[in-house]
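Note sheet for the following structure.
Computed from a predicted model, the values in this text were never measured in an experiment.
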Amino acid sequence: MNASSTPSPPLVIPRSEHSISRAAISPNALKVLYRLKEAGYQGFLVGGAVRDLLLGLRPKDFDVATNALPEEVRRLFRNCRLIGRRFRLAHVFFGNEIIEVATFRAAAAPEREDADDTDADGDPGAEGGADSGADLAVAEFSPPSDSEHRAFDLRGRILRDNIYGTIEEDVWRRDFAANGLYYNIEDFSIWDFVDGVSDIKARRLKLIGDPETRYREDPVRMLRAVRFAAKLDFSIEPNTEQPIKRLAYMLDGVPAARLFDEVLKLFLSGFGLKAYRLLQQYGLFEHLFPQSAAAFALPPYAYAAEMLERGLANTDERIAADKPVTPTFLFAVLLWSAVLRELNERQAGPTPDLALLLQACDTVLRTQQSRVAIPRRFAIPMRELLMLQPRFNRRSGVKALSILQHPRFRAAYDFLLLRAQVGVADPELAKWWTDIQVLPQEERVALVQARPAEPAAEGTAAAPGRRRRRRRRGGAART
């Protein structure tokens, strides 16, 4: 099964033989599909929406594929905007819901999730969507016949593709067979070119085409394999699985802004712990967070891997309970071990100087930007969260209570609890800060005034770890 194969007719599954009901489809997606049909175009619900509906899940997005060109779609919908330089797409807006409409493409164009969110006039859209300068640094080549529309880099990764095609060709640009199904609004049937329905029934992920070629076209497909396996509890078919470890290095060439989006999908969608373990299993994590992966391998920081797993489990529980989560906390847990390692290389003893801790945070964040670009709106609060950790050791004097008013207190407190769970912060300290939050202000003041003074030199604070311990060989702080 590959893109060069002669297209075969799809298996058409009539409405009577599948479980998808229009009642489960977004009304706005139905409006788009019906208007395309009434204008004489083909209209299909595609991708993850069809897969999730067959699994009895509620799709997050409803995407449409059509033989109408992007400009023709825009003429049909006044509430439409064209986006993308690599892959031209139409976004039809209905309040807060966006229905994405893609024209059928010839084989080899990456799936719609890989499109950059840049409008047709070149204005940037969502953060991290546009191609980075990394693409421009790699020589392009393409077949002479389509050089105006399609370009690849020397590793085979697609840089630009706007060659339109038929539905028979379009199916080959999909990533996994389970995502390669088309729901036809004409008669409510499902068109299956790639045996995707069987894969869904078997809960199996199988790439369409030759796995190594597809990963080289777009290395992010390796992350998508992990994400779907974790999200859907699918197995990865052996031929699809086999090249991942060997090709994991190709993630190093993916624009860092794009990887930021993928990391959020992996870790903040309710299955972060399972996704993390799969990333480690396939050797992908070290290419996303190389500083953290290197620190995990060193005894003084090995506990941070357990801390990350606990943090991801807590995040998954919050998402399941419909509680808010933030990338700030996620990146603090992901990078904590790297920050400590950098800090210990800057100082001789286990008691951190706050200025050096700040420098360590900034150094780690700067280095991380080359792999997963963390926007300032998350990087700055993350740094503040980590800088608050030493302040928890100060519990005497009214000034100690000022931390309760800090905008990052809640996230920093949760981080303290996480450190206590893995044994690198005093459980009594964590309990003290838990208890004081529920006391009236008068009792809080009396409590801190009754404690003996805790002297600290200006610009320094007690180590954000255990209160007393023997100094480790080499002076490494295990905080």
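Side chains of Arg174 and Asn179: a donor-acceptor N/O pair is absent below 3.5 angstrom, by distance only. Side-chain N/O atoms of Arg391 and Ser402 include a donor and acceptor closer than 3.5 Å.
Ring-plane geometry between Phe44 and Phe104 is classed as tilted, the angle between the planes lying from 30 to 60 degrees on a 0 to 90 degree scale. Classification of the Phe193-Tyr182 ring pair by plane angle, with boundaries at 30° and 60°, yields perpendicular.
When the ring-ring contact (aromatic ring centres under 6.0 Å, His included) test is applied to Phe271, no partner is found at least two apart in sequence or on another chain. Applying the salt bridge (Lys or Arg N to Asp or Glu O under 4.0 Å) rule to Asp192 yields no partners; only residues at least two apart in sequence or on another chain are considered. Take Lys323 and apply the side chain to side chain contact (heavy atoms under 4.5 Å, CB included) test, not counting sequence neighbours, and it matches Arg318, Ala321. Judged as a side-chain hydrogen bond (donor to acceptor under 3.5 Å, both in side chains), and not counting sequence neighbours, Thr315 has no contacts. The ring-ring contact (aromatic ring centres under 6.0 Å, His included) search around Phe267 returns none, not counting sequence neighbours. Among residues two or more places apart in sequence or in another chain, the side chain to side chain contact (heavy atoms under 4.5 Å, CB included) test is passed with Pro290 by Gln368, Arg371. The side-chain hydrogen bond (donor to acceptor under 3.5 Å, both in side chains) check on Arg203 picks up nothing, with sequence neighbours excluded. For Ala304, the side chain to side chain contact (heavy atoms under 4.5 Å, CB included) partners are Phe296, Ser337, not counting sequence neighbours. For the salt bridge (Lys or Arg N to Asp or Glu O under 4.0 Å) test, residues two or more places apart in sequence or in another chain that qualify with Glu345 are Arg341. For Arg75, the side-chain hydrogen bond (donor to acceptor under 3.5 Å, both in side chains) criterion is met by no residue, not counting sequence neighbours. Listed by chain and residue number, Thr328, Arg408 satisfy the side chain to side chain contact (heavy atoms under 4.5 Å, CB included) test with Pro381 (two or more places apart in sequence, or in another chain).
Using modelled atom types, no side-chain atom of Glu97 and backbone atom of Phe93 make a donor-acceptor pair closer than 3.5 Å.
Residues Arg173 and Glu169 are not paired through a salt bridge, judged by the lack of any N-O separation under 4.0 Å between the basic side chain and the carboxylate. Salt-bridge formation is not detected for the pair Arg74/Glu71: no Lys NZ or Arg NE/NH1/NH2 atom is positioned less than 4.0 Å from an Asp or Glu carboxylate oxygen. Here Glu262 does not pair with Arg258 in a salt bridge; the nearest charged N to carboxylate O distance is not below 4.0 Å.
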### Task
Under the side chain to side chain contact (heavy atoms under 4.5 Å, CB included) rule, what do Leu357 and Val339 come out as? Steps first, then yes or no, please.
CA-CA 8 Å; Leu357 178 57; Val339 170; 4.0 Å; yes

### Message
I'd like to know whether Phe228 forms a ring pair (Phe, Tyr, Trp, His ring centres under 6.0 Å) with Phe234, so could you lay out the CA-CA distance, the side-chain angles of the two residues, the decisive distance to 0.1 Å, and finally the verdict.
### Response
CA-CA 7 Å; Phe228 290 135; Phe234 275 27; 8.7 Å; no

### Query
Could you walk me through whether Leu89 and Val101 pass the side chain to side chain contact (heavy atoms under 4.5 Å, CB included) check?
CA-CA 6 Å; Leu89 300 168; Val101 183; over 6 Å; no

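Residues Asp362 and Arg383 share a closest heavy-atom pair of OD1-NH1, 2.8 Å. Summarising the geometry of Leu385 relative to Ala332, their closest heavy-atom pair is CD2-CB, 4.0 Å, with the distance given to 0.1 Å.
Applying the salt bridge (Lys or Arg N to Asp or Glu O under 4.0 Å) test to every pair with at least one member in residues 279-290, sequence neighbours left out, gives no pairs at all.
For the side-chain contact (heavy atoms from CB on, under 4.5 Å) with Arg51, the qualifying choice from Asp199, Val46, Leu181, Leu232 is Leu232, the only one to do so.
A cation-pi arrangement is absent between Arg410 and Phe415 under the rule of less than 6.0 angstrom and at most 45 degrees off the ring axis.
Here the two rings, on Phe392 and Trp433, have centers that are under 6.0 Å apart.
One distance of note links CE of Met222 with NE2 of His287; it measures 8.5 Å at 0.5 Å rounding.
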